[in-house]
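Below is one structure, written out as structure tokens; comments come after it.
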Protein chains: 2
Amino acid sequence: MLRLSKLTDYATVILSFMAKDKTQVLAAMEIASMTGIAQPTVSKILKLLVNANVLISTRGAKGGYALARTPEEISVAAVISALEGPIALTECSISHQGCEQASGCDIRGNWGLINQTIHNALESVTLADLTRPAAVPEEVFVPVASLYR
Amino acid sequence: MLRLSKLTDYATVILSFMAKDKTQVLAAMEIASMTGIAQPTVSKILKLLVNANVLISTRGAKGGYALARTPEEISVAAVISALEGPIALTECSISHQGCEQASGCDIRGNWGLINQTIHNALESVTLADLTRPAAVPEEVFVPVASLYR
DNA sequence: TTAAATAGGACTAGAATAGTCCTCAATTAA
DNA sequence: TTAATTGAGGACTATTCTAGTCCTATTTAA
């Protein structure tokens, strides 16, 4: 289904809540109660986001989490790769180790192009865009195929 | 990892083999031996592609599978959705049933936009593009964020 | 010193995926 | 008419992945 994991979905909810909140530092428990996501799950997600430098943490009493950058500077791609690892549609795009398909491997170059296109698409959408009121343009069309010709 | 399933990966290998082959009708076993993918797995994939009208099948002796359209008319999006169902990054994009997140649901409109962008990107790449020798352009950049402003 | 927090991992249950196999239906050719 | 070939459809299993929880150590404020 080419879909994101539930945890990534939660992450976007958590991050957009944090982006809208004025408070600088929020504890995991506060975030949990405000978003309705279970506290252990929230903690797990926050830790991953810290490791990916999307959030900054402060330990100890009065500690908590804060955005590492402004919402405009946090891309959806960064969030996804924080939770799910590198954005790549096919195994081959990550490493060429397991690619022993004799007759199909000349496809890979073009798959890489698709991967990159999607990555760039996700890179260009920021947390600020997500928190913005929904925009529903008439038509959204990005002709990737034209890049090949 | 935002990645495609192994079966979808196989499907692209199978389809590009079929696109390059001159023979009109190929049996599942022939495809299996030519691609190196196990026969039962090949059959499973071929059946899914028939159901999605990407391939046409002929039963009985001398039967087999053939492309339903020219490679130029078969999009990567069609292949992906044949194997994995509708292309949608979040659960919410498919149905709004399970969306009981109180504070985060105004994100959805924008997620939908991202979904559509990626869908269009995959729609615009065809089987013909995949079989073509790999093109490696200097830069591929599709500024999705500009659509919001 | 104590309480409040995060860090880092282990662990479990459930779901999804990959892969195989079996039976039935359709077609061709002898 | 019969036998051989080939796809259709679905059941089934094993493995992997995901979601979610929990425990212990570390850090910091009061």
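In the text below, chain A, chain B and the rest are named by the order of the sequence lines, each starting its count at 1. For the numbers below, each heavy atom of this structure counts, side chains included, while hydrogens, waters and symmetry mates do not.
- Residue Asn51(B) places at least one side-chain N or O closer than 4.0 Å to OP1 or OP2 of dG9(D).
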Between the protein and nucleotides 13-17 of chain D, are there any N/O to N/O pairs under 3.5 Å, and if so, what are the atom names and distances?
none

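- Shown for residues 38-46 of chain A: residues whose heavy atoms fall under 4.0 angstrom of DNA chain D, namely Ala38(A), Pro40(A), Thr41(A), Lys44(A).
- Nearest to the side-chain atoms of Leu7(B) among the listed nucleotides dA19(D), dG9(C), dA18(C) stands dA18(C).
- Scanning for side-chain contact (heavy atoms from CB on, under 4.5 Å) contacts around Glu72(B) gives Thr70(B), Ala128(B), with sequence neighbours left out.
- For Ala19(A), the side-chain contact (heavy atoms from CB on, under 4.5 Å) test picks out Leu67(A), Pro71(A), Leu127(A), Thr131(A), with sequence neighbours left out.
- Among pairs with a residue in residues 38-55 of chain A, those fulfilling side chain to side chain donor-acceptor pair (under 3.5 Å) read Gln39(A)-Ser43(A), at least two apart in sequence or across chains.
- For Ser57(A), the side-chain contact (heavy atoms from CB on, under 4.5 Å) test picks out Val50(A), Tyr65(A), with sequence neighbours left out.
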Considering only nitrogen or oxygen atoms on both sides, find all protein atoms under 3.5 Å from nucleotides 28-30 of chain D and state each distance.
from    : atom 1 : to       : atom 2 : distance (Å)
dT28(D) : O2     : Ala61(A) : N      : 3.3

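- Considering only the side chain of Tyr65(B), dA8(D) comes nearest among dA18(C), dA7(C), dA8(D).
- Note on the helix from dT1(C)-dA30(D) to dA30(C)-dT1(D): angle between the axes of the first and last five pairs equals 10°, rounded to 10 degrees.
- Applying the side-chain contact (heavy atoms from CB on, under 4.5 Å) test to Asp21(A) and every residue at least two apart in sequence or in another chain returns Phe17(A), Thr23(A), Leu26(A).
- Applying the side-chain hydrogen bond (donor to acceptor under 3.5 Å, both in side chains) rule to Ser75(B) yields the partners Glu123(B); only residues at least two apart in sequence or on another chain are considered.
- The phosphate of dT17(C) (OP1 or OP2) has no side-chain N or O of Tyr10(B) nearer than 4.0 angstrom.
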